[in-house]
Amino acid sequence: MADKYDHIAIEKKWQHTWDEAHCFEAKDDYSLPKYYALIEFPFPSGAGLHVGHPRPYTALDVIARKKRLEGYNVLFPIGYDSFGLPTENYAIKTGEHPRLVTERNISVYRRQMRTLGLSFDYSREVSTSDPSYYKWTQWIFLKLYEKGLAYKAELPINFCTSCKVGLANEEVIDGTCERCGAPVVRMKRSQWMLKITEYADRLIDDLDQVDFAERIKTSQRNWIGRSIGAEATFAIDGYPEGLKIYTTRPDTMFGATYMVVSPEHPLIDTLNDRITNIEDVLAYREQAAHKSDFERSELAKEKTGVPLEGIYAINPCTDKPIPVWVSDYVLMSYGTGAIMAVPAHDTRDYEFATKFNLPIIEVVAGGDISKKAYTDCETGTMVNSGFINGMQVEEAKKNVTEWLEQKGIGRKKTNFKLRDWLFSRQRYWGEPIPLVYCEHCGWTPIPEEELPLTLPEMADYKPADDGSSALSRATEWINTTCPKCGAPAEREIDTMPNWAGSSWYYMRYCDPHNDKCLASREALDYWLPVDWYNGGMEHTTLHLLYSRFWHKFLYDIGIVGCPEPYSKRTSHGMILAEDGRKMSKSFNNVINPDSLCESLGADTVRTYEMFIGAFDQTIPWSTTGVMGCRRFLDRVWRLLEMVDGEGERKEMRRALHACIKKVTEDIERMKFNTAISAMMSFVNDIYANGSITRDELHTLLILLDPFAPHIAEEMNERLGFKPIYESSWPKWDDSALVEDTVELGIQFNGRLRGRMRVPVGLSDDELERLVLENPEFAPWHEGKTVKKFIAIKNIVNVVVV
RNA sequence: GCGAAUGUGGUGGAACGGCAUACACAACGGACUUAAAAUCCGUCGGCGAAAGCUUGUGGGUUCAAAUCCCACCAUUCGCACCA
């Protein structure tokens with residue numbers, strides 16, 4: 001008679017046993033087949049884990065545990081993305097050193113993850129704020145700088161009025177700060193930038209080599225936003241270089257009836273004495289400058305603009321003068337900051353032309369331009385277009401582009417929406433940028449031997465009022481000498497963004513204690529690329545893109561041997577609170593895994609997180625649903641009382657092997673919910689049967705182990721087997737799945753009319769005879785002719801007329 | 001506006017183009033119990049008198065559609081004047 005299922009004692013016991021046995025540590029034996037499973041390492045916030053975190057963690061834990069049992073040398077590491085604003089803000093409030101806050105938070109996370117029984121290799125933990133780690137983050141930055149991929153630019157940045165920090169475009173949501181929600185304003189500042197745009201083509205093209213979920217590929221492609229078109233220069237009197245524009249539709253150039261420059265365009269300054277209404281123009285520019293990008297697009301419904309009176313451009317196709325306007329619907333930051341407007345075939349140009357009474361000329365036939373712009377013109381015939389009249393759009397594009405090239409006023413051009421990566425943060429709690437500024441030598445890297453450049457100790461972490469970081473007050477730290485000429489020099493006081501440390505952490509896991517290089521080439525060659533990387537959809541255009549960029553750079557300079565870091569990338573759905581809203585402190589609906597592990601057990605939490613629904617779907621939490629999973633594990637536990645005999649019994653063999661197959665295949669397909677339901681069904685079968693043999697139960701327990709490892713190990717031990725972590729994943733026997741009879745659904749004209757059990761392996765003719773001779777089905781075919789007889793899988797369809 | 005995803009019982013969800021609703025939750029009934037909990041065993045989508053109809057709506061392809069195609073509606077997420 002088994003005792004009660006005491007999850008607390010059992011879970012504690014096995015977590016301790018696994019620790020002692022070091023059974024989840026990856027081996028440095030590079031001759032073994034390897035498997036690298038990776039989850040996004042957490043930012044150790046003060047709030048600890050909530051039940052959303054364990055979903056992806058458990059999912060890859062399931063993968064990792066199964067792969068180990070299949071004989072792979074598995075690397076399933078964990079670490080902490082431990083630099084970051086919330087910690088710094090907490091430090092500002094309390095005066096406690098961010099390092100101490102971070103250490104405390106990490107120990108909470110570590111305890112919570114151990115409580116969940118996650119089989120991480122804790123011996124390889126990394127933490128991005130650890131100097132022995134960020135030494136190499138700084139080293140990579142120096143390499144980027146050396147290769148000309150890091151540069152300083154004076155440019156308007158998004159500045160959060162509350163966090164007092166510059167933000168990347170990606171971190172601005174609807175004109176507010178992604179983190180705190182405060183308004184973001186534009187501010188000019190000298191900033192470090194990384195030339196991710198140099199890698200734009202490869203970041204798109206190499207998506208073809210990797211197994212990422214299609215939605216992830218699509219949003220990366222859209223984010224990079226490659227478009228192929230042409231540049232062309234329109235002549236303007238008094239402006240010798242001409243007005244250069246970018247267009248994706250060179251074929252429509254005959255329909256360009258006016259031009260628009262963005263308010264910041266330098267043409268306005270150059271031609272200021274020729275523009276007769278220059279005051280109006282400057283007033284418009286002033287007005288536009290006060291709008292944020294957000295306001296500009298918010299007010300998109302109503303187009304505004306001012307003509308540059310006295311200025312005309314010559315349309316090179318028609319040789320006719322066309323007016324030039326200034327409007328903020330044209331952005332300085334994309335293309336050339338100027339456009340040719342083709343109102344007949346562009347909605348924005350059409351609106352503008354209609355409002356200001358500018359001519360509209362149709363150049364692609366097929367629409368009705370008196371009502372609205374005809375934009376559905378990717379194909380069609382050119383009209384009103386001189387030498388390309390009658391051509392199809394594709395041909396016309398090619399012809400006009402070539403014509404521009406011949407005349408020396410244009411060329412084919414690819415543009416991207418992707419901007420360079422704003423890499424400076426005016427913050428204390430980040431990696432110092434290892435450069436000094438010298439009056440004579442300019443920006444100079446510090447020697448590699450001096451890495452890591454550590455953060456100075458401070459008493460107060462508050463940023464200065466001008467927006468620079470607390471480091472601006474660390475005068476002793478700032479003042480140094482130039483590594484090149486020895487003259488007095490100053491350190492950079494900006495730090496790196498959070499995305500820096502997380503861009504390469506998967507490499508460090510391969511060789512985390514190496515103090516000679518970021519990781520040895522052998523370790524990287526063996527472990528990379530990551531076989532399966534799972535993370536949030538919200539990181540698709542930030543972290544995932546940044547880390548692919550850094551990886552490609554490190555590939556180019558010979559640090560890693562593969563061009564892509566991750567072979568497979570999936571994304572999990574969010575877990576919502578029971579009320580269907582996001583879990584949030586402010587809604588007071590956060591569910592903490594600690595209390596659930598206490599009351600129901602980690603195995604129950606894990607099983608429920610995997611059973612809750614399709615892994616990539618957003619799903620609300622259900623308290624009664626969790627209870628159902630506990631009930632399932634209770635039922636499993638009581639199987640101990642039903643053990644009778646050894647071996648596999650014939651009558652259970654089919655159900656057992658079907659279960660092995662289903663669980664094995666479903667885990668691989670990320671169908672964790674149906675893997676669990678298969679085990680539930682099998683347990684139901686056993687209850688109906690009344691007993692289970694010791695060996696059958698052993699097999700079931702191994703299948704259960706990835707999901708509920710503690711209870712599985714405990715029961716397995718009680719049955720007298722060696723630990724599961726030393727066992728192998730079971731294989732199913734296809735022959736066990738074969739039945740000698742099969743029940744068919746019998747349809748007439750596609751409608752189900754009944755069922756019939758027949759021996760397997762009948763020919764269609766024999767089957768047809770059996771069906772038609774069966775009196776049960778006579779009413780459906782009597783007096784009719786059988787036109788067609790189809791028997792596929794478990795269905796027979798008889799077509800009668 | 002553009003892009004992506006989703007739409008199946010009271011609920012979460014199953015279903016390589018092949019018997020729609022597996023598995024669970026909730027509900028209900030029974031056994032056990034002095035009683036309750038727990039447990040075990042059962043019942044359980046809707047409409048229709050019935051034949052039947054029914055996977056957001058309407059079309060299409062097919063012997064056969066939740067599944068593929070087209071249009072539409074709804075919800076969610078992302079981007080948003082990208083020329």
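Quick note on labels: first sequence line is chain A, next is B, and so on, each numbered from 1. These numbers come from a predicted model, not from an experiment.
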Can you name the atoms? Protein N/O to nucleotides 43-45 of chain B N/O, anything below 3.5 Å, with the distance.
none

What does A:Asn749 touch in the nucleic acid at a heavy-atom separation under 4.0 angstrom: a base, only the sugar-phosphate, or nothing?
nothing
What nucleic acid atoms does A:Arg753 come within less than 4.0 Å of, heavy atoms only: base, sugar-phosphate, or nothing?
sugar-phosphate
When we call it a touch if two heavy atoms are under 4.0 Å apart, what does A:Ile612 touch: a base, just sugar-phosphate, or nothing?
sugar-phosphate
Need one value for A:Phe611: base, sugar-phosphate or nothing, where a base atom within 4.0 Å counts as base even if backbone is also close, heavy atoms only.
base
Between B:A83 atom P and A:Met253 atom CE, what is the distance in whole Å?
15 Å
Phosphate contact (B:C40 OP1 or OP2) by A:Arg638 side-chain N/O below 4.0 Å:
yes
Nearest-angstrom distance from the residue atom CZ of A:Phe212 to P of B:A4:
19 Å
Find the distance between CE (A:Met670) and CD1 (A:Ile667) and round it off to the nearest 0.5 Å.
12.5 Å
Need one value for A:Gly225: base, sugar-phosphate or nothing, where a base atom within 4.0 Å counts as base even if backbone is also close, heavy atoms only.
nothing
Residue-phosphate contact under 4.0 Å: A:Arg631 side-chain N/O, B:A26 OP1/OP2
yes
Is any side-chain heavy atom of A:His7 less than 4.5 Å from a side-chain heavy atom of A:Thr604?
no
If you look at every strand shown and take non-hydrogen atoms under 4.0 Å, does A:Thr347 touch a base, only sugar-phosphate, or nothing?
nothing
Select base, sugar-phosphate, or nothing to describe what A:Arg751 touches, counting heavy atoms under 4.0 Å on all strands.
sugar-phosphate
Separation of B:G1 C1' from A:Asp346 CG (nearest whole Å)
12 Å
Give A:Glu214 one of three labels, base, sugar-phosphate or nothing, depending on what nucleic acid heavy atoms sit under 4.0 Å from its own.
nothing
How long is the line joining CE of A:Met680 and P of B:G12, in whole Å?
17 Å
Of the candidates B:A83, B:A26, B:G3, the side chain of A:Asn222 sits closest to B:G3
Mapping A:Gly750 and A:Phe416 onto RNA chain B by nearest heavy atom, which one lands closer to the 5' end?
A:Gly750
Scan A:Asn673 against the nucleic acid and name what it touches under 4.0 Å (heavy atoms): base, sugar-phosphate only, or nothing.
sugar-phosphate
Go through A:Arg411 and A:Glu231 one step at a time and tell me if the salt bridge (charged side-chain N to carboxylate O under 4.0 Å, His left out) criterion holds.
CA-CA 5 Å; A:Arg411 65 194 175 98; A:Glu231 262 178 8; 3.4 Å; yes
So, are A:Arg669 and A:Asp666 salt-bridged, with charged N and O less than 4.0 Å apart?
yes
What is the nucleic acid contact for A:Ile619, judged by heavy atoms within less than 4.0 Å: base, sugar-phosphate only, or nothing?
sugar-phosphate
Give one of base, sugar-phosphate or nothing for A:Ala341, where a contact means two heavy atoms less than 4.0 Å apart.
nothing
When all nucleic acid strands are considered with a 4.0 Å heavy-atom cut-off, which category describes A:Lys217: base, sugar-phosphate, or nothing?
nothing
Taking only the C1' atom of each, what is the distance from B:G18 to B:U62 in whole angstrom?
12 Å
Counting side-chain heavy atoms from CB outward, which of B:C63, B:C81, B:A15 is closest to A:Lys671?
B:A15
By nearest nucleotide on RNA chain B, pick out whichever of A:Ile339 and A:Ile790 is the more 5' one.
A:Ile790
Using a 4.0 Å heavy-atom cut-off, does A:Ser219 contact any base of the nucleic acid, only the sugar-phosphate backbone, or nothing at all?
nothing
B:A15 and B:G9, which share atom name C1', separated by this distance in whole Å:
15 Å
In whole angstrom, give me the gap between the C1' atoms of B:A26 and B:C77.
30 Å
What's A:Thr624 touching, base or sugar-phosphate or nothing? Going by heavy atoms closer than 4.0 Å.
sugar-phosphate
Near-ring test A:Tyr258/A:Phe352, centroid separation under 6.0 angstrom
yes
Euclidean distance, atom CZ of residue A:Phe672 to atom C1' of B:A14 [Å, nearest integer]
17 Å
